[in-house]
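In listed order, ligands and their atoms are each counted from 1. When a residue number appears, it is its place in the shown sequence, counting from 1.
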Amino acid sequence: MADASTIPPGAPARLPRHVAIVMDGNGRWAQARGRPRTFGHKAGVGSVRAVVEASANLGIEALTLFAFSSENWQRPQSEVSVLMDLFIASLRREVRRLNDNGVRLRVIGGREALVPKLQEQIAAAETQTQANTGLQLCIAANYGGRWDIVEAARRLARDVADGKLDPETIDEGCFADGLSLADLPPPDLFIRTGGESRISNFLLWQLAYSELYFTDTLWPDFDTHAYEEALAWYAGRQRRFGRTPAQARQQQGA
Ligand code: FPP
């Protein structure tokens, strides 16, 4: 839970516990400057740093970033290769800073398909930060929401086949337990930069009741100020979860 003592004055009154972001627009940002798309990905690392730092300072509990989707393998091999190198270099460079700030890092997605060097770097970063109790930083790599749901279904099917689970007892709770991020609250706020209004196979199950924020700002331009604007927008939302507006107001204490 966001600890009120860590929230600086001027921060939005109602903070999300969990923010999930689709970081879109790197390629267009670079092309607008006459540079290759990969220049935009490199610039995007600066925005990653800014939102991680701001989230940790604000006392947000969890931040999940969509770094590489299961569909991104279809991009030119040269771009995929630069992205993999960038993830390796960023993990290596940032892990000490994450540790100093109490950030715990984990990667979700089918990591067995990632290059071995990246898998090693991920394992090292997860181990080095596993005892940290501050911001939970989740990086989605080779991730897809449908993949996540199928994995959860497969786990349940195995338990049924092994005689450990009665199919009649399967409910939303035990299904959700098999998904990525099961130990975290679902995202309260979803942000997508880059002007598209799509979820693009991100956390399909987990986003069921998230507030969806779309901005034209391209990811490398998404700085602390832009993030604060998104958080302020979120603070003004009324979350109803199927209730009436009056019930929701009562629930939110407004
Ligand atoms: C989408 O923009 C962005 C990506 C597929 C890669 C995101 C990667 C980073 C921000 C690099 C750093 C990440 C970490 C976690 C260290 P796009 O290429 O689809 O842009 P476009 O829509 O303008 O073409």
Side-chain angles (χ1 to χ4, degrees), residues 19-56 62-99 101 103-111 113-115 117-119 121-126 128-129 135-145 180-181 190-203 214-224 226-227:
V19 180
I21 308 184
V22 172
M23 310 179 286
D24 196 15
N26 293 346
R28 279 166 285 158
W29 185 90
Q31 280 165 344
R33 286 159 181 76
R35 306 292 297 266
R37 295 175 49 80
T38 51
F39 182 70
H41 297 316
K42 287 173 191 161
V45 178
S47 301
V48 171
R49 206 177 284 127
V51 294
V52 170
E53 213 170 281
S55 301
L63 174 67
T64 301
L65 302 175
F66 207 1
F68 194 85
S69 76
S70 33
E71 291 75 33
N72 284 150
W73 296 109
Q74 298 169 56
R75 294 189 172 206
Q77 176 53 39
S78 56
E79 182 172 338
V80 171
S81 173
V82 167
L83 276 168
M84 294 297 143
D85 287 347
L86 199 56
F87 297 146
I88 294 168
S90 301
L91 281 175
R92 189 180 295 136
R93 224 183 9 241
E94 302 294 336
V95 71
R96 179 182 284 181
R97 198 200 308 240
L98 294 178
N99 244 336
N101 288 289
V103 178
R104 179 177 179 181
L105 179 127
R106 76 176 86 169
V107 170
I108 60 169
R111 67 176 69 184
L114 303 172
V115 293
K117 209 168 164 188
L118 179 54
Q119 291 184 45
Q121 203 65 48
I122 289 169
E126 286 178 335
Q128 283 172 56
T129 63
L135 176 71
Q136 306 288 301
L137 173 60
C138 314
I139 306 287
N142 188 29
Y143 176 86
S180 303
L181 312 179
F190 165 92
I191 299 173
R192 182 177 183 136
T193 63
E196 307 291 354
S197 306
R198 289 193 284 270
I199 292 176
S200 294
N201 199 20
F202 197 19
L203 304 156
F214 298 97
T215 171
D216 288 339
T217 303
L218 303 175
W219 179 249
D221 290 328
F222 194 80
D223 56 12
T224 309
Y227 189 35

Partner set under side-chain hydrogen bond (donor to acceptor under 3.5 Å, both in side chains) for Trp29, not counting sequence neighbours:
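Partners of Trp29 under the side-chain hydrogen bond (donor to acceptor under 3.5 Å, both in side chains) test: Asp221.
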
Applying side-chain hydrogen bond (donor to acceptor under 3.5 Å, both in side chains), can you list everything that pairs with Asn101, at least two apart in sequence or on another chain?
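For Asn101, no residue satisfies side-chain hydrogen bond (donor to acceptor under 3.5 Å, both in side chains) once neighbours in sequence are set aside.
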
Any pair counted as salt bridge (Lys or Arg N to Asp or Glu O under 4.0 Å), so long as it reaches residues 28-42, sequence neighbours left out:
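Checked against salt bridge (Lys or Arg N to Asp or Glu O under 4.0 Å) - neighbours excluded - the pairs reaching residues 28-42 are Asp24-Arg28, Arg37-Glu79.
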
Can you tell me how far the CZ atom of Phe68 sits from the CE atom of Met84, to the nearest 0.5 Å?
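It comes to 4.0 Å.
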
Find the distance between CZ (Phe214) and CZ (Phe190) and round it off to the nearest 0.5 Å.
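Reported value, rounded in 0.5 Å steps: 5.0 Å.
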
Of all the heavy-atom pairs spanning Leu105 and Glu126, show the shortest one and how long it is.
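In this case the closest contact between Leu105 and Glu126 is O-CG, 3.5 Å.
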
Contact residues of ligand 1 with a heavy-atom cut-off of under 4.0 Å?
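If the criterion is a heavy atom under 4.0 Å, then ligand 1 touches Met23, Asp24, Gly25, Asn26, Gly27, Arg28, Arg37, His41, Val45, Val48, Ala67, Asn72, Arg75, Leu83, Leu86, Phe87, Ser90, Ile139, Trp219.
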
